[in-house]
Amino acid sequence: MEGMREEAKMCFEKMHRDTQDFRRDGHGQRWSKMVMKSGTLADRLAALTLDVKRSPHSGLGSLDSLLAMLKKKGRREALMALDAVAALFREQLLQSDRKLIKFESRKLADLEQKNKQDREGLLSEWYLEDQIKERYFSFILLLDGLLKDQQELTRLKVMGVVFDLLVEKPEREDKLLEMLVNKLGDPEKKVASKACGFLVRVLQQHPNMKLIVVEEVERLLYRTNVSPKAQYYAVCFLVQIKLADTENALAVRLVKIYFSLFKAATAKKISNPKMVSAILTGVNRTYPFTKGPQNLLDHIDHLFRYIHTVTAQVGIQILMLLYQVMEREGAITDRFYMALYRKMMDSDLLQHSGRSSSLLNLLYKSMKRDPETMRVKAFIKRILQLAMTQSTPFICGALIVISEVLKSKPNSFRAKLFQAPSVSSTAAPVKEEHSKEGTSRLPITDYSAAARNPLFCGAEFAPIWELRVLSQHYHPSVCRFADNILRVRRVETVGIDSCLHMVSPFSRFLALSD
């Protein structure tokens with residue numbers, strides 16, 4: 001093979017000489033030589049670029065000159081050469097449908113039955129492709145060095161070049177992907193965020209690369225010297241991956257990554273709430289695409305213990321994940337309902353509208369599956385108690401949730417739910433809450449809003465008086481919704497806009513003003 005390489009080199013040099021002899025006396029050739037000696041930087045770049053475009057066989061020297069300009073300390077000259085070299089590789093020198101082939105990887109059988117002229121031409125093409133491949137690798141190494149430049153704008157510009165080469169050409173895509181993933185750990189927030197955006201765009205244009213990109217990001221996550229900031233941006237990227245129903249293997253892998261990171265993040269004395277929230281967001285988005293049991297029992301116990309030490313936003317995310325896991329297992333446990341019931345009392349739970357919608361969504365799904373009438377009643381009372389101190393949008397949302405839950409239950413369930421407590425019911429044998437040791441606690445004879453377990457809060461001893469109060473609310477929609485629930489009617493949201501703008505619901509305020 002070494003002898004064959006020498007022969008190919010001789011054929012290439014012969015073609016190079018022939019090309020030079022053909023172009024020696026041309027006007028363009030004389031102009032290029034003059035500009036390269038005495039022209040401005042922009043003119044020299046244009047002349048070198050034109051020389052490569054005319055003929056790669058005779059333009060390898062000019063390409064080497066452009067690469068040498070990238071190594072200079074002058075940032076302006078290096079960045080101008082960067083654009084020129086990147087454009088040459090993208091538009092002319094690289095293949096769009098395959099990678100360049102090294103000379104040693106060629107099949108010598110292709111040279112058989114070739115005449116001398118065709119053989120020399122084929123060997124020259126092989127050698128040229130090998131030389132372009134070597135120079136492209138040198139260009140990538142130069143890009144890797146520029147990605148470590150002190151100037152933020154330089155790093156951003158080079159990242160754009162790396163992204164364009166990665167999505168357009170298959171050559172050295174593994175190295176380009178590694179370089180782009182490494183920038184997730186850039187100390188500047190803008191650069192790391194831009195790298196995350198570039199990776200998302202890579203998957204949008206090449207969805208078949210999902211597993212390859214995830215593997216590269218996983219290697220970054222588990223490095224010994226990786227910074228927490230790099231892990232956070234890596235998780236932010238993983239969260240944005242859009243999965244299909246057929247990508248079960250990728251979904252399972254992502255879930256394992258998330259839980260591994262969650263266990264490591266929560267093991268610290270002071271965990272980063274943003275990191276934990278991002279991990280839980282990823283699990284909630286990915287878990288529905290997994291199929292079959294995932295052996296998450298150990299993680300479930302850890303989640304239950306951790307839920308009482310986190311903020312309301314993280315707590316709701318944990319509860320949403322627990323609901324998904326338990327729903328797939330076929331049963332929602334009492335422990336889940338206790339955790340949800342207790343989390344509803346967090347003071348910062350409803351300070352953000354996004355948390356309100358997540359909470360109402362989770363409450364709707366949880367109560368809809370709950371067969372225990374009194375536990376549903378306890379949740380309804382707590383929802384209404386929260387609504388009494390909230391704005392109109394939350395009250396309307398809460399009433400719609402209650403209406404939809406009641407609609408999914410049988411008539412006997414609704415009748416028992418709204419049955420008023422009587423003297424006979426309070427004189428009946430009292431309900432006792434049993435502890436884990438099997439001993440009985442004090443009997444329950446009255447409703448307690450501070451109880452931790454909704455099954456043993458005494459909801460059966462208290463009417464849902466909050467609905468009566470809301471039926472007298474100043475807002476017409478709240479009055480209408482609450483009244484419909486009391487009359488065992490479904491809350492209709494059609495035509496609400498017209499109702500809000502009618503004069504009649506506000507006539508009592510007009511009367512007061514008179």
Side-chain angles (χ1 to χ4, degrees), residues 140 143-144 147-148 155-156 158-244 246-268 271-272 274-290 294 299 317 321:
I140 289 179
L143 290 178
D144 196 19
L147 282 173
K148 300 178 179 66
R155 300 200 300 273
L156 289 172
V158 177
M159 269 203 308
V161 173
V162 171
F163 166 75
D164 291 335
L165 292 170
L166 178 59
V167 298
E168 294 181 18
K169 306 296 179 181
E171 186 69 27
R172 301 296 301 185
E173 60 184 6
D174 53 343
K175 179 63 177 177
L176 292 171
L177 178 61
E178 179 186 351
M179 291 162 55
L180 200 55
V181 170
N182 285 341
K183 296 315 292 178
L184 292 172
D186 194 275
E188 293 293 335
K189 178 181 178 180
K190 185 176 181 179
V191 179
S193 178
K194 194 71 173 179
C196 181
F198 277 139
L199 289 172
V200 172
R201 290 170 59 188
V202 167
L203 294 188
Q204 289 174 351
Q205 299 188 36
H206 298 281
N208 292 332
M209 290 183 63
K210 288 180 183 177
L211 184 59
I212 298 173
V213 176
V214 168
E215 289 175 351
E216 188 63 42
V217 174
E218 186 177 5
R219 281 192 284 270
L220 171 70
L221 286 169
Y222 294 126
R223 289 179 190 170
T224 55
N225 60 341
V226 65
S227 64
K229 186 177 180 180
Q231 287 186 321
Y232 173 72
Y233 279 102
V235 172
C236 289
F237 161 69
L238 294 178
V239 169
Q240 298 180 65
I241 296 178
K242 295 182 179 180
L243 299 174
T246 57
E247 295 174 322
N248 173 60
L250 178 59
V252 171
R253 184 163 191 163
L254 286 172
V255 168
K256 290 181 179 179
I257 293 174
Y258 289 137
F259 273 112
S260 174
L261 294 173
F262 179 79
K263 188 174 182 180
T266 55
K268 302 175 183 178
S271 59
N272 184 358
K274 291 176 61 178
M275 180 67 172
V276 175
S277 178
I279 293 172
L280 292 171
T281 301
V283 182
N284 279 308
R285 290 184 179 181
T286 307
Y287 187 76
F289 294 95
T290 61
Q294 301 300 322
H299 298 298
Q317 289 179 304
L321 174 60

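Each residue takes its place number in the sequence, starting with 1. Predicted model, so just to flag it, every value in this text is computed and none were measured.
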Query raised in the report: Closest heavy-atom contact between C196 and C236?
Result: SG-C, 4.2 Å
Report summary line: Residues pairing under side-chain hydrogen bond (donor to acceptor under 3.5 Å, both in side chains) where one sits in residues 189-202, two or more places apart or in two chains, turn out to be none
Query - Partner residues of F259 under the ring pair (Phe, Tyr, Trp, His ring centres under 6.0 Å) criterion, sequence neighbours left out - result: H299
Query - side-chain contact (heavy atoms from CB on, under 4.5 Å) between L184 and F198, intermediate numbers included - result: CA-CA 10 Å; L184 292 172; F198 277 139; over 6 Å; no
Query raised in the report: Which pairs count as side-chain hydrogen bond (donor to acceptor under 3.5 Å, both in side chains) when at least one residue sits in residues 219-234, sequence neighbours excluded?
Result: N182-R223, E216-R219, Y222-S260
Pair up each side-chain donor or acceptor in residues 159-171 with any protein partner under 3.5 Å, not counting sequence neighbours, and list the distances.
residue	atom	partner	partner atom	Å
K169	NZ	R90	O	2.9
K169	NZ	S96	OG	2.7
E171	OE1	L100	N	2.5
E171	OE2	K133	NZ	2.6

**Report entry** Non-hydrogen atoms of A230 and G185 that approach each other most closely
**Finding:** CB-CA, 3.4 Å
**Report entry** Residue pair L221 / V226, side-chain heavy-atom distance below 4.5 Å
**Finding:** no
Query raised in the report: What residues, two or more places apart in sequence or in another chain, satisfy salt bridge (Lys or Arg N to Asp or Glu O under 4.0 Å) together with K148?
Result: D144
Requested in this report: Measure the shortest side-chain to side-chain distance between V252 and V255 over non-hydrogen atoms and say whether it is less than 4.5 angstrom.
Outcome: no
Query raised in the report: Between V214 and L238, what is the shortest heavy-atom contact and its length?
Result: CG2-CD2, 4.2 Å
Query - Atom of R155, atom of L147 and distance for their closest heavy-atom approach - result: CD-O, 3.0 Å
Requested in this report: Taking the side chain as every heavy atom from C-beta outward, state whether L211 and R253 have any pair of such atoms under 4.5 Å apart.
Outcome: yes
Report task. Grab the two heavy atoms, one from L243 and one from A251, that are nearest each other, plus how far apart they are. Result -> CD1-CB, 4.0 Å
Query raised in the report: Atom CD in E215, atom CD1 in I257: separation rounded to 0.5 Å?
Result: 9.0 Å
**Report entry** Least distance between heavy atoms, L220 atom then V181 atom
**Finding:** CD2-O, 3.6 Å
Requested in this report: State, yes or no, whether a side-chain contact exists between L250 and F289 at a heavy-atom distance under 4.5 Å.
Outcome: no
Query raised in the report: Roughly how far apart are L143 CG and L180 CG, rounded to 0.5 Å?
Result: 11.5 Å
Requested in this report: Measure the CG-CD1 distance between L203 and I212 for me, rounded to the nearest 0.5 Å.
Outcome: 10.0 Å
Requested in this report: Indicate yes or no: at least one non-hydrogen side-chain atom of L321 is less than 4.5 angstrom from one of Q317.
Outcome: no
Report task. Measure the spacing between NZ of K175 and CG of L177 and express it to the nearest 0.5 Å. Result -> 11.0 Å
Query raised in the report: Does the side chain of F237 reach to within under 4.5 Å of the side chain of V213, using non-hydrogen atoms?
Result: yes
Query raised in the report: For the atom pair CG (L261) and CD (E218), what is the distance rounded to the nearest 0.5 Å?
Result: 9.0 Å
Requested in this report: Just jot down the salt bridge (Lys or Arg N to Asp or Glu O under 4.0 Å) partners of K210, sequence neighbours excluded, or say none.
Outcome: E247
